[in-house]
Amino acid sequence: MSIDRIASIAERLWFSAEEDFLRLWRSYRDGTFKIVPGPMERHFAIARSKPSAFMTHPPVLGVSVGGTYTKVIVAERVRGRLVVHHLAAFANPDRATPMEDCWDRFLLEDPAVRSYLASERRPLIGFSVPVPMLKDGVFFHISKVPGIQGLIARDLERDAPTHHLGNNLRRYFSRRAIAEPLLFYYSDTVIAHHGGMSTSVLDPDDKSILLVSGTGLGTCDEGNFVLTGRAPILVDDEELFPREETEGYQYQFLGAGRGLYSVMRRACTIAAGSPQSALSGCSFDTYFATTRDSRTVSDIARAVTGDGTETPVVRELRSRVGTAGMEELCVIASLLLDRVVSAIANSGVFTTVHMGPARSGRGHVFFFEGSIATAPALLPRIKAEMRRMIAQNDLFLRIGREQPPQPVMEAEYFPVEYDAGVPTDQIDLSATGVVTATIAQNLIEKGIA
């Protein structure tokens, strides 16, 4: 059996979902990851009450910056429906590129966006950014989205004076002779949650949670950005999870694309160091080099199913390592994906417990976001794992909390309509939310809601 040849690394990839959850809870109790309060209380109140001016509103422009791609959307609301006139996705630059040059490419070189900006006396523009806003207008992360230079502060105190997004955007639009816009911007997890609440049917006494895993891992609980992915719990194995390469043992390096590729590379390298392994002597540096390569892990896990979905990268790997080597890669990838599913589910369960029960009496309503959390091969497993964990009353007794009711994981949404030519498979809650949050901001500024 292939697992016998790589028994050592397989054993090192074993984990206990329950122990991970308890570590996550202890990390919260000890204050080693942040729960960041958001400035969107009124926006969420509007999303919950859904006044008529919110349900029917003229078009806005949304820019949803992700960890790997940026989406640009022009959409309006008509009697609750989201009507999408334009939607485009752009790969973020791999090399450091001035933010203004990125906006030129994402916005001004796009005819539909340029037309919107030229036709509006006061354009309504929203931005979502995939990291916390730790100071007013200033988003911070030490390394995320490295290709858009000037968007995210790397040293909060040093960069704050030059990285206020609102000030920089106003200067940018002024220099491009675009009418001064109404601007709204905040962290993408919270904005995606707003999109879920705004376009779904909720009981007034329900509580809801946005659970996201794409490049990063986290949740939103209607008032806070809950950074579960930054909990420093990967302390078991310095070779697999080195402190420097996991930014201090962060959970998201095994729960999101940000680190999955690098853990896969190290696991394969360890396996290849065994003479018994069919991977012996192979190098995997070029196959697992960037966040985009995290997708290859799930592609490998499906490679032995024979369903005809092998990607070019998987075919190349198979030709290099042979059938036996491919079986070993599949074992490693499958074990890693088990931990990915668990990390995402644990983040959702943690936030459920942290929020406390809903007055409606039913379980928390969940919205899912991110390329990993919503992947067809993973989402059913994530939901099943959340149900399994919540069913364990002893687990909650150990942390002194009441066992929560089972969550609601199939939200009821209003319809979405698309103009001809709009890619219907590109819409997500971040793109939806950047539209709905900007509409809410417009109503707030006008004193309508």
Side-chain angles (χ1 to χ4, degrees), residues 1-15 66-69 89 91-95 146-147 213-215 237 239-242 245-246 253-341 343 370-381 425:
M1 295 291 291
S2 57
I3 196 168
D4 295 331
R5 297 192 298 267
I6 56 170
S8 176
I9 187 61
E11 183 178 342
R12 289 165 69 174
L13 291 173
W14 181 89
F15 71 100
T68 307
Y69 293 90
N92 293 339
D94 291 325
R95 297 182 178 181
S213 175
T215 303
D237 191 321
E239 187 177 16
L240 265 178
F241 316 122
E245 295 186 46
T246 57
F253 278 75
L254 266 178
R258 173 155 190 75
L260 181 58
Y261 75 94
S262 63
V263 178
M264 181 70 178
R265 183 185 66 242
R266 289 189 291 271
C268 291
T269 299
I270 292 168
S274 169
Q276 289 77 37
S277 170
L279 304 175
S280 181
C282 294
S283 172
F284 299 93
D285 290 354
T286 59
Y287 296 100
F288 303 105
T290 72
T291 55
R292 292 188 178 95
D293 299 325
S294 289
R295 186 181 299 272
T296 303
V297 181
S298 60
D299 292 340
I300 289 170
R302 297 199 310 271
V304 297
T305 63
D307 60 1
T309 59
E310 278 194 0
T311 64
V313 173
V314 171
R315 285 196 294 271
E316 182 180 336
L317 276 167
R318 186 186 291 279
S319 70
R320 288 198 62 187
V321 304
T323 300
M326 201 64 204
E327 289 177 353
E328 293 180 12
L329 288 179
C330 186
V331 168
I332 294 170
S334 297
L335 291 170
L336 283 176
L337 288 178
D338 289 346
R339 191 84 177 268
V340 170
V341 167
S371 58
I372 293 180
T374 61
L378 295 181
L379 182 55
R381 294 179 58 189
D425 62 337

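All values derive from a computational prediction rather than experimental measurement.
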J.: At what distance, to the nearest 0.5 angstrom, does CG of Leu260 lie from CZ of Phe253?
T.: 11.0 Å

J.: Nearest 0.5 Å please: distance from the CZ atom of Arg318 over to the CG atom of Leu329.
T.: 9.5 Å

J.: Under the side chain to side chain contact (heavy atoms under 4.5 Å, CB included) criterion, do Thr296 and Tyr287 qualify, and how do the steps go?
T.: CA-CA 8 Å; Thr296 303; Tyr287 296 100; 5.7 Å; no

J.: Where do Cys282 and Ala272 come nearest, in terms of heavy atoms and distance?
T.: O-CB, 3.7 Å

J.: Could you work out, with side-chain hydrogen bond (donor to acceptor under 3.5 Å, both in side chains) as the rule, every residue matching Arg292, not counting sequence neighbours?
T.: Asp94

J.: Hey, mind stepping through Met264 and Asp293 against side chain to side chain contact (heavy atoms under 4.5 Å, CB included) and telling me if it holds?
T.: CA-CA 10 Å; Met264 181 70 178; Asp293 299 325; over 6 Å; no

J.: Can you name the side-chain hydrogen bond (donor to acceptor under 3.5 Å, both in side chains) partners of Ser294, sequence neighbours left out?
T.: none

J.: Rounded to the nearest 0.5 Å, how far does SG of Cys268 lie from CD1 of Ile300?
T.: 6.5 Å

J.: Heavy atoms, side chains only, cut-off 4.5 Å: are Val314 and Met326 in contact?
T.: yes

J.: Working to the nearest 0.5 angstrom, can you tell me the gap between Leu337 CG and Leu254 CG?
T.: 10.5 Å

J.: Show the numbers, then the answer: is there a side chain to side chain contact (heavy atoms under 4.5 Å, CB included) between Arg12 and Ser8?
T.: CA-CA 6 Å; Arg12 289 165 69 174; Ser8 176; 4.2 Å; yes

J.: Measure from the side-chain N and O atoms of Ser213 to the backbone N and O of Ile372, and report whether any donor-acceptor pair falls under 3.5 Å.
T.: no

J.: Taking all non-hydrogen atoms of both residues into account, name the closest pair between Tyr261 and Phe288 and its distance.
T.: O-CB, 3.3 Å

J.: If only atom types and distance count, is the side chain of Arg339 paired as donor or acceptor with the main-chain N or O of Leu13 below 3.5 Å?
T.: no

J.: Do you know the tightest heavy-atom contact between Val341 and Leu378?
T.: CG2-CD2, 3.9 Å

J.: With sequence neighbours left out, what residues match Asp338 under side-chain hydrogen bond (donor to acceptor under 3.5 Å, both in side chains)?
T.: Arg381

J.: Could you check whether any side-chain heavy atom of Leu240 comes within less than 4.5 Å of a side-chain heavy atom of Ile9, counting everything from C-beta outward?
T.: yes

J.: Which heavy-atom pair separates Cys330 from Ala301 by the least distance, and what is that distance?
T.: SG-O, 3.5 Å

J.: So, the side chain of Ser274 versus the backbone of Ala271: is there a donor-acceptor pair under 3.5 Å, distance only?
T.: no

J.: Under the 3.5 angstrom rule, does the side chain of Ser298 hit a backbone N or O of Arg295 as a donor-acceptor pair?
T.: yes

J.: Please check this pair: side chain of Glu328 against backbone of Ser277, looking for a donor-acceptor N/O pair closer than 3.5 Å.
T.: no

J.: Measure across Gly255 and Ala343 and return the closest heavy-atom pair with its distance rounded to 0.1 Å.
T.: CA-CB, 3.8 Å

J.: Is the closest side-chain heavy-atom distance between Leu336 and Val263 below 4.5 Å?
T.: yes

J.: Rounded to the nearest 0.5 Å, how far apart are CZ of Arg266 and CG of Asp237?
T.: 9.5 Å

J.: Between Arg265 (side chain only) and Phe284 (backbone N and O only), is there a donor and an acceptor less than 3.5 Å apart?
T.: no

